[in-house]
Asks: 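Just dropping this structure here.
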Amino acid sequence: MRLPPRPDLHWKDDGTPVDERVGDVYYSVEDGLAESRAVFLAGCGLPEAWQDQAQFTIAELGFGTGLNFLAAWHMWREAAPSEGWLNFVSFEGFPLDADDVERALKPWPELADLAAELCTKCPPRAKCVRRISWSDDRISLTLHIGLIEDTLPQAELRADAWFLDGFSPAKNEAMWDDALWPLITERSAPGARAATFTVAGAVRRGLMEAGFTPEKKPGHGSKRERLEAVFEGNHMATSRKVSAPPKVAIIGAGIAGACLAQSLVERGADVTVFERDAAPAQGTSGNPLALVMPRLDAADTVQARLLIDAYLSAQAFYEGRAGIAFTETVHTPRNSQETERFQRLLADPPLGLTQLEAIRGGGLLHKKSLIIDPAKLLPNLLENTNLRWNTSADIQLDERTVNGEAFDAVILASGWHMGAACPELDLTGRLGQIEWFESNTVAAPSAQASGHYALALNQTRLRGATFADQVGPEPQLSDEASRQNLAALEALNPYWRQDSKGADLKARAGVRATTADRLPLIGGLPDEAALTADRQMLERCAWTIDPGAYTRPGIFVAGGFGSRGFTWAPWAADILTSIIFQDPLPARREALRMVVPNRQILRKLKRSTS
Ligand code: SAM
């Protein structure tokens with residue numbers, strides 16, 4: 001099943017939640033918060049362990065009600081280092097609904113405001129990786145939703161502390177399986193601590209195999225003992241002490257650059273944006289309205305999952321910002337194949353009912369899609385950055401300078417223009433044309449889609465978009481594209497066509513940068529010469545390399561977004577911000593490999609070698 005299962009939740013008379021599937025409680029009957037503090041926080045040497053650290057990462061097996069997370073957040077608020085960032089990464093296979101989380105956390109009034117924050121941002125029911133940040137508190141939560149044997153091997157993180165909280169080992173072996181220990185070793189920072197409520201022999205042996213030295217300590221309340229453990233680590237410690245914020249240059253002030261700017265500023269970077277035009281979003285991001293709706297694949301593949309991660313990331317990122325309206329998009333199938341695909345999708349949907357419903361006649365209703373007004377959104381996202389308008393960027397990759405100014409990181413996010421500067425990225429231009437007019441009547445946000453789309457927001461009515469080969473250096477409007485858009489509108493909704501009769505129609509064309517596999521480019525700029533020089537070695541390792549390998553140090557790419565720029569941009573921004581700050585990554589390993597910018601070069605080398 002694609003949706004994560006619900007726990008078999010039961011509430012004891014004293015209010016403690018139990019998962020009947022396992023027959024165990026989520027937290028102690030005798031004050032779960034006090035136990036959480038004693039077993040996990042004190043057990044991992046907190047708050048002392050995070051003092052002076054630029055960032056500190058806690059990983060938890062078993063998110064449950066979020067009580068341990070809130071206990072850590074509460075302590076962080078009271079005793080955080082003056083400039084650090086806390087990453088809390090948690091793994092959960094049977095997520096609770098937000099109202100159950102709320103009920104479970106009720107007993108602790110001191111956590112009430114944090115619990116309310118958590119509940120409003122709880123991810124929807126889906127197997128996904130969700131990053132939620134509270135930048136005012138310098139803390140983020142990354143949730144990996146799915147069974148532990150599927151999620152932990154795919155997680156990119158380096159933990160300073162482990163909260164091992166997966167129900168009693170006697171009742172729930174999966175969370176203590178022998179296969180997990182090497183994964184924990186691989187993801188532990190030197191000197192990492194681990195804590196758990198159980199002293200079971202198998203757990204102590206597992207910790208020892210993982211390179212930890214476990215020690216029994218007096219238990220909390222009526223429990224006799226608990227475990228604390230320290231990881232020796234056999235690799236060199238890198239400095240993670242607080243230093244000056246990284247200086248980051250972003251090339252391009254379209255939606256990719258603007259989301260990056262926002263995400264990096266929230267994380268504490270000093271950001272400069274270079275834009276050749278005089279204002280943001282002069283390229284394809286500059287249409288009067290944009291639609292964010294999901295692309296849902298019928299099978300549960302790596303690609304299907306990353307599309308959902310990106311969509312949910314976009315929803316959460318845009319919510320509450322200027323120029324954003326949530327709407328239900330009516331998505332009708334284009335042909336019989338699509339009808340069949342929708343049916344297969346709905347037979348085992350990847351998103352729950354808060355997000356997705358079936359429409360009579362075979363369509364999909366995307367219940368939390370968004371209509372965006374870029375002219376309102378982008379200036380808001382670019383606040384608190386150094387903006388260099390009308391500036392073409394001269395980038396020296398080896399020196400990491402832009403127009404002579406040195407940066408810790410440079411991110412190429414200039415859409416189609418990037419293709420000319422970096423031919424190795426193999427971007428193809430696709431021309432997209434839209435038409436719109438201002439109606440006399442104000443409409444509630446409304447969207448219809450079927451290949452093309454039609455949007456209504458306030459007085460604006462917009463239809464589009466074509467997807468054609470780009471001919472010539474600049475985008476050109478064409479009558480043929482207008483005819484296609486009109487025909488599509490007729491099929492989508494003849495009434496809307498009627499509404500547009502006699503209107504003062506405006507049109508706009510832009511070039512979208514697309515990739516051969518229609519997935520974005522997110523990661524380090526590939527070093528083509530180094531890849532080519534090592535082709536034999538690469539062949540020997542079956543062309544699988546770490547996503548960060550063979551890249552130009554400190555130079556990154558966010559692009560190839562095709563016609564889904566507003567969907568990909570927040571996810572790409574989150575990933576690149578995490579890479580630059582060495583935070584845990586908000587994406588699965590296999591997803592990072594699918595969007596790695598060197599993939600076209602590798603494919604070509606592979607073809608020419610075989
Ligand atoms: N730390 C939690 C808190 O603060 O409320 C309590 C965690 S509870 C004791 C154990 C959690 O592990 C449950 O939420 C359960 O759904 C999760 N879990 C159990 N088996 C799992 C599995 N195979 N994969 C992922 N999560 C699992």
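Read the numbers this way: they start at 1 and go in the same order the structure lists the ligands and their atoms.
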Asks: Is the NZ or CZ atom of Arg193 positioned over Trp162's six-membered ring, under 6.0 angstrom from the centre and within 45° of the axis?
Replies: no
Asks: Can you pull the salt bridge (charged side-chain N to carboxylate O under 4.0 Å, His left out) pairs that have at least one residue in residues 55-68, sequence neighbours excluded?
Replies: none
Asks: Looking at every non-hydrogen atom in both residues, tell me the closest pair between Pro547 and Arg593 and how far apart they are.
Replies: CD-NH1, 3.9 Å
Asks: Does anything in residues 2-17 pair up under salt bridge (charged side-chain N to carboxylate O under 4.0 Å, His left out), and if so which pairs, sequence neighbours excluded?
Replies: Arg6-Asp97
Asks: So Phe197 and Phe40, would you call those rings parallel, tilted or perpendicular, with 30° and 60° as cut-offs?
Replies: perpendicular
Asks: What residues form a ring-ring contact (aromatic ring centres under 6.0 Å, His included) with Phe581, not counting sequence neighbours?
Replies: none
Asks: Could you name the protein residues that come within less than 4.0 Å of ligand 1, counting only heavy atoms, and order them by chain and residue number?
Replies: Arg21, Val25, Tyr26, Glu60, Gly62, Phe63, Gly64, Thr65, Gly66, Leu67, Asn68, Glu92, Gly93, Phe94, Gly146, Leu147, Ile148, Asp165, Gly166, Phe167, Asn172, Ala174, Met175
